[in-house]
Every structure is written in C-alpha cells, then in structure tokens.
Colleague: 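My structure is below; once you've seen it, I'll send some questions.
The basis for the numbers below is simple: all heavy atoms, side chains too, and nothing from hydrogens, waters or symmetry mates. Just so it is clear, the structure is predicted and the values come from calculations on it, not from any experiment. Atoms within a ligand are numbered from 1 in the order they appear, just like the ligands themselves.
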Amino acid sequence: MILGGGPGGYEAALVARRLGAQVTVIERQGVGGAAVLTDVVPSKTLIATAEWLTLAETAPALGIRDGGAGHRVDLTAVNARVRALADAQSADIRARLEREGIVVVTGEGRLDGPGRVVVGGETGETAYDADTILVSVGATPRVLPTAVPDGERILTWTQLYHLDELPQRLIVVGSGVTGAEFAGAYRALGSDVVLVSSRDRVLPGEDEDAAALLEGVFRSHGMEVLSRSRAAGAERTATGVAVHLEDGRVVEGSHVLVAVGAVPATSGIGLAEAGVTLSGSGHVVVDKVSRTSVRGVYAAGDCTGVLPLASVAAQQGRIAMAHALGDAVEPLRLDHVAANIFTAPEIATVGASEKRLRERGARYVTTTIPLARNPRAKMLGMRDGFVKLFAHPEAGVVLGGVVVAQRASEMIFPITLAVAHRLTVDDVAGAFTVYPSLSGSIAEAARTLHGAGEPRA
Ligand SMILES: Cc1cc2nc3c(=O)[nH]c(=O)nc-3n(C[C@H](O)[C@H](O)[C@H](O)COP(=O)(O)OP(=O)(O)OC[C@H]3O[C@@H](n4cnc5c(N)ncnc54)[C@H](O)[C@@H]3O)c2cc1C
C-alpha cells in the first residue's frame, strides 16, 4: 500500500509490482504528485520558454538583427502549455501504473495503525489492510502567516501557472533553488524582478563560486538582488503588493512569490499514532533503506527530509520496496547524487562539494576552467560559466564536480560517471572529447589535475 503517488510513490509501485506484490497507490491530487503537477515539470516547462528568450538575448552578438519587433511573451499561452504538459505527464504515469496492474485509488489516505490505511473519498471511507506500507506524501509550500497567499498577487510556486498576465514587477522572497529559478525565469520572460535574500548571497549552501557567478549574472541583467534582507510579511495594496522587510524597508511590486521552503505533509495522517517517529520538523525519520521506526512501514521522498529531489525520492522508494520484498538492496548513497539548478546559466553538481570536503577536513585538489576559454563557448556566444573538479591529491580519484553553463544538466554526466565508478582524473583526461565541444573543458580540468598532488620540484 503506497500513500502518495509522486516519484517516491509511483517508482516504488512499479518495483513492487515487478517483484510480484499486489500494489495499491492512494493519491489525493494526481498521479505524478507535486513533482509532475506543480513543481518539477511545470517549472522546467516554464523555464524552457525563458531559456529560449535568454538565448535570443545573445542574437545581436551572433550577428542576428530582429527587425525591431522583438519577442513578446503571451503568458496565458505559456501557462496553458505548462498545465497541459503536466496533466499529460500525470495521465501517462497513471496509465503506465494501471497497465502494470497497479490499483490507483483517488482520495486522502491516513494510517489506522501500522498495517492499515483508511482512504476518504466521495463515497465515504474505505479501509485497506497491508503488510507493507510506503509513506510518500511529499511536502507543501511553507506559508508565512504574515504573507498568506491569495492566488492572485501573493503567490506560492504552485499558483504561478494560473497567471494570465506577466507580473510587471515580481518580488521573489527566498533565494534558494526555487526562488532563484523563478526569479531568473521571470526576468527572462520580461518582468522586473526583485529577489529578496536573507543571506549574504543567493543560493546559500551551493558552490560559492557558482552562486557568486549567478548573482553577478542576475544583477548584470537588471535584477535587483536585496541581500541580507529578511521579509517580515506581505500585503495587498491598491495597485499590487508591498513586502515589508524586518529592517523596516518596504518593497513595492505588482506580485510577490513566496519561496521560503516546504513543510512535510505528515500531520494528521496517523503516523505518530501508529508509532512512526517524526523529527522536530515533522519529517518521517528513516534509515538508508527507507525503514521507519515501525516494522513494515517505510517512507520515501520529501516527507523524509533526506534530500528534496525527485531522483532521490524515486531511489528511496525503489530501495524501500526491494528491502520489503526481499530483493537485493543497495542502501541510499547521497555522495553520488547529481543535481541541477535550472537558472541561466544552469548550475550542475555531483559528488562531494567543496564545502563538504572542507568540513570533513578531507585532502583534495581542485581546478576551475572558465568557459570563456572554451572555443565552442566562444562560438556560441557563451561567456558565463566554468567547470570545476575535485580530486584526491595522490590517487587522483574524481571526488566531485561543478559545471556552470547553459545546459550544464546535460554536461554533468561524464563527471557523474567518474564519481560513481571512482575514475581518476587521468581516466577522464584520457578519453576523447569532440573538438570543439563544451565537454572539452571537463577533460581539460582533468588534465590540469594530473599529478596535482605530487610534490613539485
Ligand atoms: C518549484 C520546484 C521545482 C523543483 N524542481 C526539481 C527538479 O528540477 N529536479 C528534481 O529532482 N527535483 C525538483 N524539485 C523537488 C521535487 O519536486 C521533489 O523532490 C519531489 O516532488 C519529491 O517527490 P515525493 O514523491 O516525495 O513527493 P511529491 O511529488 O510531493 O508527491 C507526494 C504526493 O502525495 C500526495 N499526498 C500527500 N498526502 C496525501 C494523503 N494523505 N493521501 C493521499 N495522497 C497524499 C500528494 O498529493 C502528492 O501528489 C522541485 C521542487 C520545487 C518546489
């Protein structure tokens, strides 16, 4: 029995079915979960439009003249495409589950003890007994009591896709991944954007050089970035919104997007009553094979607070089912996770971060190759970006990497392979890259690190 049909839930369902289990997925909103309906799929579809416009900004440098008309964004059409794509993806996943013989039940579920799930639907409540339960209920946007979303001017990211006019001046509160992605996208779509960041710089916790580069790009494109500025609340005004900062300043705009994190959807669904341990933040406490404190009850995805990525949710779900059904199990390893921030340029990372290596007191060598040096980047008119590698000083094993570039998400894979298979910088440098290519900079970085840990004469 799987409670929640997002990536944590539906990937688990497929594995469990393949291993011969009878599987039921309970989902209240739509199969695919928040990932497909409000988070990953819609945001990346919107960003695809923004990316096209960002590329078009380089047209003059490549000798293209637009004849004066320029491009205009029809947000109604953009959002209609976003919603249609998300709905189609959800329908595809549901059809796949049903084809595989998985039962999908629409309704709100809760645990009634460790071996039973009760589902409320239009026709009342139905109880299901199960020997294995996977809790994959995800998370919902954190709402500030002083900035309650109204879906019109004060918005969470789930409400953006119903706007039919481009915000004239969008204030984005929160400069984490979600805030940065939407701030960059709306700037490219044509809104004036103010990014309110409580920290010294955007993307706290990410690679410092990458975050600094992105903030520079944001500013150079006219985005107002307010650092060390904590929002106290937001209210509607006659013409738009006013965001009050804790230091007394007021920022005025037409709309505000509040992107200050997410809270797990774990309250009121019988978890504590069934004996499942929750953390202080309400996340389900799990081990590396997705077990909770109750035998037979597993948890996966954002409700566990392990790492809020669709890929991690899916992996936790698969591991849970393999463990529950007696298949071979590889415990979750977070040191190999590849992730991407879909800004312009994108920031892709894999393996150990520099912050982590420093915290661990690990010995490492590193190099950074600016993309401005790469011939293909020059031809494409790309100036902003770099490739950075971390490696063990003596063994030369690649420990991690960062790529900042347009479509960095597609460039990180060779580094992911190197990290996953413990390749050395010499292994990476010894493989051919196409000339000219952006990935040539990855091989160049690896070549630079050849013998970097050896004492110099
Ligand atoms: C704006 C944004 C962009 C993102 N972009 C990316 C990205 O590009 N790449 C990436 O890897 N990650 C991205 N993420 C993170 C990603 O969305 C999450 O990590 C992922 O959705 C987690 O999957 P999940 O299965 O845990 O939860 P969800 O996708 O949230 O699914 C949980 C499901 O459970 C259902 N549910 C909850 N409670 C109940 C109940 N009681 N009964 C029945 N059903 C219930 C919900 O309706 C929901 O459908 C993004 C997040 C945000 C906010």
Colleague: Considering only protein heavy atoms, which is closest to atom 51 (C) of ligand 1, and at what distance to one decimal place?
Modeller: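 It is D39 CB, 3.7 Å.
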Colleague: Heavy atoms only, cut-off 4.0 Å: how does V119 contact ligand 1, side chain, backbone, both, or neither?
Modeller: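 It is neither; nothing of V119 touches ligand 1.
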Colleague: Suppose I only count heavy atoms of L3 and a 4.0 Å limit; which atoms of ligand 1 are within that range?
Modeller: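 Result: 42 (N).
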Colleague: Among all protein heavy atoms, pick the one closest to atom 36 (N) of ligand 1 and tell me residue, atom and distance.
Modeller: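 The closest heavy atom on the protein side is R28 NE, 3.7 Å.
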Colleague: Note the single closest protein heavy atom to atom 27 (O) of ligand 1, along with its residue, its atom name and the distance in Å.
Modeller: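 Atom 27 (O) of ligand 1 sits closest to the protein heavy atom G138 CA, 3.4 Å.
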Colleague: For atom 11 (O) of ligand 1, find the nearest protein heavy atom and state the residue, atom name and distance (0.1 Å precision).
Modeller: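 It is A310 N, 2.9 Å.
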Colleague: Kindly identify the option in V137, V306, T178, T304 whose heavy atom sits closest to atom 39 (C) of ligand 1.
Modeller: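 Answer by nearest heavy atom: V137.
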Colleague: I need the single residue from R96, R17, R18, R318 that forms a salt bridge (Lys or Arg N to Asp or Glu O under 4.0 Å) with E11. Which is it?
Modeller: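 Only one option passes, and that is R318.
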Colleague: Within ligand 1, which atoms have a heavy atom of G8 less than 4.0 Å away?
Modeller: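 Near G8, meaning under 4.0 Å from one of its heavy atoms, ligand 1 has 25 (O).
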Colleague: Please state which protein non-hydrogen atom is closest to atom 33 (C) of ligand 1 and give its distance, to 0.1 Å?
Modeller: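 Protein heavy atom with the smallest distance to atom 33 (C) of ligand 1: E27 OE1, 3.4 Å.
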Colleague: Is the shortest side-chain heavy-atom distance between I412 and N340 below 4.5 Å?
Modeller: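 No, every pair of side-chain atoms sits at 4.5 Å or beyond.
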Colleague: Which bit of A34 is near ligand 1, meaning a heavy atom under 4.0 Å away: side chain, backbone, both or neither?
Modeller: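 Both backbone and side chain.
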Colleague: Quick one: look at A35 and ligand 1, take heavy-atom pairs under 4.0 Å, and tell me if it's side chain, backbone, both or neither.
Modeller: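 Both parts.
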Colleague: Do Q316 and T304 meet the criterion of a side-chain donor-acceptor pair at a distance under 3.5 Å?
Modeller: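 Their side chains do contain a donor-acceptor pair, which is all the 3.5 Å distance test asks for.
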Colleague: Less than 4.5 Å apart, side chain to side chain, heavy atoms only: is that true for L189 and L46?
Modeller: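 Yes, their side chains come closer than 4.5 Å.
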Colleague: With V428, which of I442, I415, T433 fulfils side chain to side chain contact (heavy atoms under 4.5 Å, CB included)?
Modeller: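 By the side chain to side chain contact (heavy atoms under 4.5 Å, CB included) criterion, V428 pairs with just one of I442, I415, T433: I442.
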Colleague: For ligand 1, which atoms, with element, lie under 4.0 Å from some heavy atom of A313?
Modeller: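 This gives 22 (C), 23 (O), 26 (O) as the contact atoms.
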Colleague: Of all the atoms in ligand 1, which lie at a distance below 4.0 Å from a heavy atom belonging to G301?
Modeller: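 Matching atoms, with element in brackets: 26 (O).
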Colleague: Which part of K44 is near ligand 1, with near meaning a heavy atom under 4.0 Å away: side chain, backbone, both or neither?
Modeller: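 Side chain only.
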Colleague: Note the single closest protein heavy atom to atom 23 (O) of ligand 1, along with its residue, its atom name and the distance in Å.
Modeller: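 Atom 23 (O) of ligand 1 sits closest to the protein heavy atom P7 CD, 3.4 Å.
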Colleague: For ligand 1, indicate whether the residue D302 contacts it via side chain, backbone, both or neither (heavy-atom separation under 4.0 Å).
Modeller: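 For D302, the contact with ligand 1 is made by both the backbone and the side chain.
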Colleague: So which protein heavy atom does atom 17 (O) of ligand 1 come closest to, and at what separation?
Modeller: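 Checking every protein heavy atom, the shortest distance to atom 17 (O) of ligand 1 gives V40 CG2, 3.3 Å.
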Colleague: For ligand 1, which atoms have a heavy atom of I26 less than 4.0 angstrom away?
Modeller: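 In order of numbering, the contacting atoms are 43 (C), 44 (N).
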Colleague: Hey, which of D207, T368, T366 is the one that makes side-chain hydrogen bond (donor to acceptor under 3.5 Å, both in side chains) with K388?
Modeller: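 Of the listed residues D207, T368, T366, the side-chain hydrogen bond (donor to acceptor under 3.5 Å, both in side chains) partner of K388 is D207.
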Colleague: Which of the atoms of ligand 1 are close to P308, meaning less than 4.0 Å from one of its heavy atoms?
Modeller: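 Ligand 1 atoms under the 4.0 Å threshold to P308: 15 (C), 19 (O).
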Colleague: Would you mind listing which atoms of ligand 1 come within a distance below 4.0 Å of any non-hydrogen atom of F342?
Modeller: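 Close to F342: 8 (O).
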Colleague: Under 4.0 Å from a heavy atom of S43: which atoms of ligand 1 are those, numbered in the order shown and with their elements?
Modeller: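 Contacts of ligand 1 toward S43, numbered from 1: 3 (C).
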Colleague: Return yes if a side-chain donor-acceptor contact under 3.5 Å exists between E354 and Y364, otherwise no.
Modeller: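 Side-chain D/A pair, E354 to Y364: present.
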Colleague: Just need the protein heavy atom nearest to atom 31 (O) of ligand 1, so name the residue and atom and give the distance.
Modeller: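 Scanning the protein heavy atoms, the shortest distance from atom 31 (O) of ligand 1 goes to G6 CA, 3.4 Å.
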Colleague: Is E108 near ligand 1, meaning one of its heavy atoms is under 4.0 Å from it?
Modeller: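 E108 counts as a contact of ligand 1 under the 4.0 Å cut-off.
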Colleague: Answer yes or no for A339: is there a heavy-atom contact with ligand 1 below 4.0 Å?
Modeller: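 Not so, A339 does not reach ligand 1.
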Colleague: With a 4.0 Å heavy-atom cut-off (strictly under), which part of I269 contacts ligand 1: side chain, backbone, both or neither?
Modeller: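 The part of I269 near ligand 1 is the side chain, not the backbone.
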